[in-house]
Q: 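Have a look at this one before I ask anything.
As the structure is a prediction and not an experimental result, all values here were calculated from the model. We name chains A, B, ... by the order of the sequence lines, and we start the count at 1 in each one.
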2 protein chains.
Amino acid sequence: MHIKEWGNGVTEYILLGFLMQGNMTGYDMKQHMSMSTSYFVDASFGSIYPSLKRLVQKGFVELKETIENGKLKKIYSINEQGKEEFEKWLSAPILVSKTDISSALAKIFFFRYLPFDKAILLIERYIRDIEQYKKSLSELKPKIEKKADEFSLGTLHFGLDYYDFSIRWYKSYLKNLKQKIQ
Amino acid sequence: MHIKEWGNGVTEYILLGFLMQGNMTGYDMKQHMSMSTSYFVDASFGSIYPSLKRLVQKGFVELKETIENGKLKKIYSINEQGKEEFEKWLSAPILVSKTDISSALAKIFFFRYLPFDKAILLIERYIRDIEQYKKSLSELKPKIEKKADEFSLGTLHFGLDYYDFSIRWYKSYLKNLKQKIQ
DNA sequence: TGAAGCATGTAACGTGTTACATGATTGG
DNA sequence: CCAATCATGTAACACGTTACATGCTTCA
């Protein structure tokens with residue numbers, strides 16, 4: 001048996017996050033996505049419905065079937081266990097992914113459900129982690145440069161500049177957040 | 001029967017790209033990755049070996065088994081069909097992914113195998129496509145803002161700023177490339 | 001009446017990770 | 001001699017997409 005830090009099932013956590021606001025159907029959640037998270041996570045129905053089934057099986061979500069206007073509706077709601085799981089996910093460090101922005105954004109998107117100071121700490125740690133990644137890549141740079149051409153060198157610079165951009169962005173974001181509470 | 005534009009099997013294309021440089025083993029390719037593409041694509045052996053098997057099955061790659069220092073070695077080489085497939089992939093538009101940087105970088109990384117002017121055109125088109133994405137998100141912005149809090153608003157701004165950063169970055173990169181050939 | 005939207009879901013397929021499994025050589 | 005590196009691979013599992021499949025209501 002092995003612990004899976006987070007399983008990468010970002011979709012499931014997004015669904016839990018939506019249910020924190022109130023009960024709704026799978027269809028509703030898809031609507032929510034396209035109007036709020038679509039620029040970083042936009043799951044299809046073929047992913048949403050199985051995810052919901054799993055969430056029920058895992059005991060994080062409750063299901064009530066109703067008939068409204070002749071249409072079958074499955075109203076989902078989050079229970080205590082689900083809330084705990086969601087908060088556990090939120091409280092865990094934001095993972096730096098070299099290539100995937102969505103897992104970080106997904107978490108921050110729901111940070112209103114975390115105590116403000118905890119959120120701040122996680123973002124601060126995230127920044128430090130990105131800085132670490134940037135440092136590693138910088139150290140790898142000379143090795144890569146030796147056999148790089150115009151184009152592959154470009155991708156390396158993009159990587160470094162992207163880390164810089166992220167660090168700067170999150171620092172400024174953090175500053176903004178902190179000012180708001182004073 | 002449906003056409004799959006590119007199948008998203010970026011790993012397979014990376015492997016083909018390495019084989020453009022010369023023949024090597026799966027193990028070699030892993031080494032290559034960690035020393036050149038690891039900051040955007042770094043497949044595990046559990047992905048590399050099956051990918052190579054598939055590439056052979058698809059008829060893009062040839063395999064020669066040798067024994068060197070008592071160790072079994074499988075030397076892979078790319079054939080004409082493989083080169084065609086690789087070039088087809090390179091020549092296809094760079095897809096804008098909202099969340100995944102790696103697919104774009106993977107392609108640009110190998111642009112030396114494309115005629116210079118073709119590469120330039122693809123990057124120009126890519127920039128236009130990002131601009132389109134940014135425009136779409138900007139248009140969605142007011143809708144999202146209506147129900148956004150401090151944090152979810154942050155992720156929206158990150159999205160927009162990331163598009164801006166990318167556009168600016170690629171424009172400057174393009175300028176640099178063009179200067180080099182004059 | 002017919003299209004769009006509401007509402008659900010499955011099946012095939014692709015592709016990735018981690019853990020497991022094996023075994024040789026090389027260098028300290 | 002033992003660890004690291006070279007070298008291969010499989011199996012279980014997770015997760016996602018697309019296409020397919022169904023059927024009701026609402027509105028032009």
Side-chain angles (χ1 to χ4, degrees), chain A residues 1-15 23-35 38 40-58 63-76 95 97-100 102-103 106, chain B residues 1-15 23-35 38 40-58 63-76 95 97-100 102-103 106:
Chain A
M1 215 59 5
H2 296 279
I3 299 135
K4 260 227 156 176
E5 256 283 337
W6 57 312
N8 202 1
V10 201
T11 303
E12 283 180 33
Y13 289 105
I14 301 266
L15 297 179
N23 308 344
M24 58 183 97
T25 67
Y27 193 89
D28 290 335
M29 293 182 222
K30 173 75 180 160
Q31 306 294 94
H32 266 71
M33 276 196 181
S34 51
M35 289 210 313
S38 57
F40 61 92
V41 167
D42 197 10
S44 61
F45 283 119
S47 169
I48 289 172
Y49 288 119
S51 292
L52 285 170
K53 204 177 240 178
R54 262 177 267 138
L55 285 169
V56 172
Q57 276 166 357
K58 288 173 186 169
L63 164 65
K64 244 168 227 154
E65 289 184 56
T66 60
I67 291 171
E68 220 166 273
N69 298 322
K71 273 171 285 183
L72 171 75
K73 264 196 182 186
K74 296 194 168 181
I75 316 274
Y76 293 92
L95 296 182
S97 165
K98 295 165 245 188
T99 58
D100 174 35
S102 62
S103 49
Chain B
M1 216 57 9
H2 296 280
I3 297 135
K4 259 227 158 176
E5 255 287 336
W6 59 311
N8 202 1
V10 202
T11 303
E12 284 181 32
Y13 288 106
I14 301 267
L15 298 179
N23 308 343
M24 58 182 97
T25 68
Y27 194 88
D28 290 334
M29 293 183 224
K30 173 77 180 159
Q31 305 296 96
H32 265 71
M33 276 195 181
S34 52
M35 289 209 313
S38 57
F40 60 92
V41 167
D42 198 9
S44 61
F45 283 120
S47 167
I48 289 172
Y49 288 119
S51 291
L52 285 169
K53 205 176 237 178
R54 262 176 268 139
L55 285 170
V56 172
Q57 276 167 356
K58 288 174 187 170
L63 164 64
K64 246 169 223 153
E65 289 184 56
T66 60
I67 291 170
E68 220 167 274
N69 300 323
K71 271 172 286 183
L72 171 75
K73 264 196 182 186
K74 297 195 168 179
I75 317 274
Y76 294 91
L95 296 183
S97 164
K98 295 165 244 190
T99 57
D100 174 35
S102 63
S103 50

Q: State the CG-CZ distance between B/L52 and B/R54, to the nearest 0.5 angstrom.
A: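 Taking CG in B/L52 and CZ in B/R54, the distance rounds to 9.0 Å.
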
Q: Looking only at non-hydrogen atoms, find the nearest pair between B/A106 and B/V10 and report the distance.
A: CB-CG1, 3.5 Å

Q: From CD1 of B/I48 over to P of C/dT15, roughly how many Å is that when rounded to an integer?
A: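 B/I48 atom CD1 is separated from C/dT15 atom P by 15 Å.
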
Q: With a cut-off of less than 4.0 Å, is there a side-chain N or O of B/T25 near OP1 or OP2 of D/dT8?
A: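 Answer yes for this pair, as a side-chain N or O of B/T25 is under 4.0 Å from OP1 or OP2.
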
Q: To the nearest 0.5 Å, what is the distance between NZ on B/K53 and CD on B/Q57?
A: 7.5 Å

Q: Mark yes or no for whether A/K74, through its side chain, and A/T25, through its backbone, hold a donor-acceptor pair below 3.5 Å.
A: no

Q: Mind calculating the distance between CG (A/L52) and C1' (C/dA7) to the nearest angstrom?
A: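 It is 13 Å, rounded to the nearest whole Å.
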
Q: How many angstroms lie between OG1 in A/T11 and CE in A/M29, if you round to the nearest 0.5 Å?
A: 12.5 Å

Q: What is the distance, to the nearest angstrom, from the CG atom on A/L55 to the P atom on D/dA14?
A: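 Rounded to whole Å, this separation is 14 Å.
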
Q: Find the distance B/D100:CG to C/dG16:P and express it as a whole number of Å.
A: 11 Å

Q: In the structure I gave you, are the side-chain heavy atoms of A/Y76 and A/D28 within less than 4.5 Å of one another anywhere?
A: no

Q: Taking 4.0 Å as the cut-off, does a side-chain nitrogen or oxygen of A/T11 come that near to OP1 or OP2 on D/dG16?
A: yes

Q: Whole angstrom is fine here: how far is it from CE in B/M24 over to P in D/dC6?
A: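 Whole-Å distance recorded here is 15 Å.
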
Q: Let me know the distance between CE of B/M35 and P of D/dT5, rounded to the nearest Å.
A: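 Rounded to the whole Å, the gap is 14 Å.
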
Q: By nearest heavy atom, map B/Q31 and B/Y76 onto DNA chain D; which one lands nearer the 5' end?
A: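 That would be B/Q31.
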
Q: What pairs with A/S102 under side-chain contact (heavy atoms from CB on, under 4.5 Å), at least two apart in sequence or on another chain?
A: A/F40, A/V41, A/D100, B/T99

Q: Quickly work out the A/Y27 OH to D/dT25 P distance and round it to whole Å.
A: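 Rounded to whole Å, this separation is 16 Å.
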
Q: Does OP1 or OP2 of D/dG16 have a side-chain N or O of A/S44 closer than 4.0 Å?
A: no

Q: Just the table, please: protein N/O against nucleotides 23-26 of chain C N/O, every pair under 3.5 Å.
A:
none

Q: Just the rounded figure in Å: distance from P of C/dG14 to NZ of B/K58.
A: 8 Å

Q: The side chain of A/E12 is closest to which nucleotide in this list: D/dC15, C/dG16, D/dT8?
A: D/dC15

Q: Identify which nucleotide among C/dT8, D/dT18, C/dT15 has an atom closest to any side-chain atom of B/R54, counting heavy atoms from C-beta outward.
A: C/dT15

Q: Can you measure from OG (B/S47) to CD (B/E12) and round to the nearest 0.5 angstrom?
A: 8.5 Å

Q: Polar atoms only, N or O, under 3.5 Å: list the protein pairs with nucleotides 10-13 of chain C and their distances.
A:
{"residue": "C/dT10", "atom": "OP1", "partner": "A/K53", "partner atom": "NZ", "Å": "2.8"}
{"residue": "C/dT10", "atom": "OP2", "partner": "A/K53", "partner atom": "NZ", "Å": "3.3"}

Q: In Å, rounded to the nearest 0.5 Å, how long is the span from CD of A/E65 to CD1 of A/I75?
A: 10.0 Å

